[in-house]
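Encoded as structure tokens, the structure appears first; notes follow it.
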Amino acid sequence: MAKQNVSEQFVDILVRAGVKRLYGVVGDSLNPVVDAVRRNPAVEWVQVRHEETAAFAAGAEAQITGTLAACAGSCGPGNLHLINGLYDAHRSMAPVLALASHIPSSEIGLGYFQATHPELLFQECSHYNEMISNPQQMPRLLQTAIQHAIGRGGVSVVSMPGDIASQPAPEKSIEHALVTSRPSVKPGDEEIEKLCGMIDKARRVTLFCGSGTAGAHAEVMEFAERVKSPVGHALRGKEWIQYDNPYDVGMSGLLGYGAAYEATHECDLLILLGTDFPYNAFLPDDVKIVQVDVRPEHLGRRSKLDLAVWGDVRETLRSLTPRVKVKTDRKFLDRMLKKHADALEGVVKAYTRKVEKHVPIHPEYVASVLDELADDDAVFTVDTGMCNVWAARYLTPNGKRRVIGSFSHGSMANALPQAIGAQFTDRNRQVVSMSGDGGFTMLMGDFLTLVQYNLPVKIVLFNNSSLGMVELEMLVAGLPSFGTTNKNPDFAEIARAAGAYGVRVEKPRQLEGALKAAFRHKGPALVDVVTDPNALSIPPKISADMVTGFALSASKIVLDGGVGRMLQMARSNLRNVPRP
């Protein structure tokens with residue numbers, strides 16, 4: 001049997017850790033690793049057109065599967081292109097291993113061609129970032145990197161010079177048993193008892209939920225029933241907590257709707273469950289606040305806490321719920337449910353009124369039709385900007401759908417690359433990229449990746465020929481819009497020229513048929529929908545402080561044109577409110 005080289009051993013360790021594919025762009029210093037992938041049937045090389053796409057795709061795969069994903073870039077500019085997607089994966093707590101191939105080891109520090117310092121460049125977007133300087137070091141260093149990415153939830157970066165990658169692997173190298181999943185974290189009994197006492201004393205309790213409630217839907221519902229609590233959510237908590245929720249009062253934040261803001265401000269005790277909600281201007285400063293989070297560094301960095309609980313949401317509630325006293329007073333809960341329904345009643349008609357005649361098409365109408373036609377287990381990837389608004393307001397979660405976006409990092413151009421990673425996990429699952437024209441064109445080259453691998457991703461392009469969110473930022477700052485207009489081609493023609501299915505929609509009556517045809521198509525498809533950039537109104541409960549920090553200066557103005565099927569759910573919940 002031929003002796004392994006370092007690259008072959010590197011790839012074998014990734015396979016042992018559960019990695020199914022490596023996203024990247026080939027190139028000199030990376031070639032030995034790519035060749036090792038070629039000869040290993042257990043892993044696939046996914047050739048993308050831009051390394052940023054590779055990192056976004058790996059992050060999306062990790063979020064869909066909950067397991068380690070990997071990407072790679074060649075020395076210098078190649079791995080430097082990974083950085084934006086790695087920031088997004090890291091802030092989304094997606095376990096990703098990134099290989100930053102490096103210049104020849106003898107030339108490091110001497111200003112060599114394409115020289116950079118990866119161990120410095122990736123420091124802020126990783127839990128672990130080290131360079132392999134000799135073959136004997138590689139197995140332990142890579143295994144340590146893998147365990148950091150999985151155990152802490154985020155990115156590990158391994159730098160490896162191309163000459164090291166080609167050298168013979170060390171004999172009898174140590175192979176540790178790899179960590180491939182994270183444990184549950186249960187709070188201490190002292191914290192549970194303190195929290196129980198605070199809940200029992202409070203007359204009005206509100207839950208505000210984030211992505212940390214994933215896998216804890218039943219526990220949150222049981223607890224909310226026991227303490228008669230309204231349940232609001234952040235954007236990243238929507239897919240996990242909004243469905244089958246008779247206590248739902250909507251979402252808080254600049255994209256929010258319903259009564260979530262009131263519920264968090266009019267309670268006696270606010271419990272933040274698994275959320276690192278960044279906009280503290282939307283959180284109260286005159287009620288008691290408890291935060292439950294699996295990452296202790298998140299505790300208290302948004303609000304002054306009366307109690308910090310280190311633990312995951314499911315284990316915390318399993319310990320807590322049986323201990324708290326059952327509350328019988330529903331007045332606060334029922335009042336918030338009615339406020340929520342009333343708030344939705346006031347805006348839901350905007351996207352249905354005369355939509356068949358409105359040209360350019362209402363973008364909110366596009367989102368509502370998309371929500372109705374998409375599969376029950378569809379994966380939606382959502383561009384930053386206005387597409388975040390459409391996802392927040394119109395996509396209906398059900399416990400099987402997934403919604404992935406750059407919700408913490410806020411990068412443009414994320415939707416198409418994330419759709420690539422999501423679709424590779426299951427070619428038979430419907431994956432829909434909700435792309436803005438600004439984001440799509442930024443990494444449009446990787447539309448060719450869909451064609452090359454015949455990935456059946458469906459791109460619904462909200463084409464308003466502008467950077468809509470940036471225009472809103474300028475408006476808030478009192479500035480005229482400038483540099484935000486895009487001169488766009490017919491994207492459907494571009495799709496067809498690339499060998500994919502493409503259709504352009506300019507009138508509302510064409511929309512449903514175009515989406516159905518794209519969904520029926522077996523390969524990649526693009527629906528270029530010309531949308532109205534001016535469907536804007538001012539939401540309630542907004543101040544100058546609230547907009548600071550959202551998309552730089554953010555906006556007082558958010559789309560307020562309806563909330564899709566959420567009104568129907570709110571009406572259903574009201575039927576459960578006891579009548580006097």
Side-chain angles (χ1 to χ4, degrees), residues 204-211 213 217 220-221 224 228-267 270-273 275 277 279 281-284 287 330-352 364 367-368 371 388-398 403 407 535-543 546-547 550 555-577:
R204 302 181 300 274
V205 179
T206 292
L207 307 182
F208 187 67
C209 303
S211 60
T213 57
H217 184 275
V220 174
M221 295 303 106
K228 305 302 182 287
S229 169
V231 179
H233 60 267
L235 178 55
R236 290 190 66 198
K238 175 184 172 74
E239 63 178 323
W240 306 114
I241 215 68
Q242 187 192 19
Y243 69 95
D244 296 339
N245 182 356
Y247 318 99
D248 179 56
V249 291
M251 190 172 86
S252 192
L254 280 166
L255 307 186
Y257 53 81
Y261 181 91
E262 288 84 352
T264 57
H265 283 72
E266 296 181 25
C267 60
L270 173 61
I271 304 178
L272 307 175
L273 292 176
T275 179
F277 184 70
Y279 311 116
F282 284 88
L283 296 174
V287 303
R330 288 182 54 105
K331 290 179 183 177
F332 176 61
L333 170 61
D334 293 343
R335 182 162 60 86
M336 290 300 112
L337 291 175
K338 187 173 188 310
K339 275 193 174 187
H340 180 60
D342 289 346
L344 301 194
E345 290 276 7
V347 297
V348 76
K349 295 176 183 177
Y351 81 97
T352 56
E364 55 270 44
S368 68
D371 180 56
N388 271 198
V389 180
W390 316 136
R393 297 291 181 91
Y394 293 97
L395 295 186
T396 306
N398 57 13
V403 182
F407 298 140
L536 307 176
S537 64
I538 300 175
K541 304 296 182 186
I542 206 77
S543 71
M546 290 177 181
V547 302
F550 178 77
S555 173
K556 293 179 184 177
I557 299 178
V558 220
L559 262 110
D560 200 21
V563 286
R565 286 185 278 176
M566 286 180 281
L567 176 60
Q568 182 179 348
M569 187 175 73
R571 287 170 173 167
S572 297
N573 290 343
L574 273 185
R575 297 190 190 108
N576 298 320
V577 175

Worksheet item: By side chain to side chain contact (heavy atoms under 4.5 Å, CB included), which residues pair with Ala263, not counting sequence neighbours?
Response: Thr206, Pro230, Val249, Met336
Worksheet item: How long is the gap from CZ on Phe208 to OG1 on Thr275, to the nearest 0.5 Å?
Response: 5.5 Å
Discussion item. In terms of relative ring orientation, are His265 and Tyr261 parallel, tilted or perpendicular, with 30° and 60° separating the classes?
Written reply: parallel
Fill in: Aromatic plane relationship, His217 with Tyr243 - under 30° parallel, 30 to 60° tilted, over 60° perpendicular
parallel
Worksheet item: Which pair of heavy atoms, one from Phe277 and one from Ser252, lies closest together, and at what distance?
Response: CE1-O, 3.9 Å
Worksheet item: Who are the ring pair (Phe, Tyr, Trp, His ring centres under 6.0 Å) partners of Phe332, not counting sequence neighbours?
Response: none
Worksheet item: Do Ser368 and Arg393 have side-chain heavy atoms sitting under 4.5 Å apart?
Response: no
Fill in: Asp342 side, atom CG; Leu337 side, atom CG - distance, nearest 0.5 Å
11.0 Å
Response to the item:
The reported gap from OH in Tyr247 to CZ in Arg330 (rounded to nearest 0.5 angstrom) is 7.0 Å
Worksheet item: Shortest non-hydrogen contact from Met221 to Pro246?
Response: SD-CD, 4.2 Å
Worksheet item: Counting N and O atoms only, with roles assigned by atom type, does the side chain of His233 sit under 3.5 Å from a partner on the main chain of Gly250, one being a donor and the other an acceptor?
Response: yes
Item to complete: Give the minimum heavy-atom separation between Val231 and Ala224, together with the two atoms involved.
Response: CG2-CB, 3.8 Å
Worksheet item: Lys238 side chain to Val403 main-chain N or O, any donor-acceptor pair under 3.5 Å?
Response: no
Worksheet entry | Separation of Ser211 OG from Leu235 CG (nearest 0.5 Å) | 10.0 Å
Discussion item. Return the CD to OG1 distance between Glu239 and Thr396, rounded to the nearest 0.5 Å.
Written reply: 13.0 Å
Fill in: Side chain Ser229, main chain Leu207, donor-acceptor under 3.5 Å
yes
Item to complete: List in chain and number order the residues that pass side chain to side chain contact (heavy atoms under 4.5 Å, CB included) with Thr213, two or more places apart in sequence or in another chain; answer none if no residue qualifies.
Response: Cys209, Val220, Trp240, Ile241, Leu273, Val313
Practice prompt. Could you pull out the closest heavy-atom pair between Ala392 and Tyr257, with the gap in Å?
Written response: O-CE2, 3.4 Å
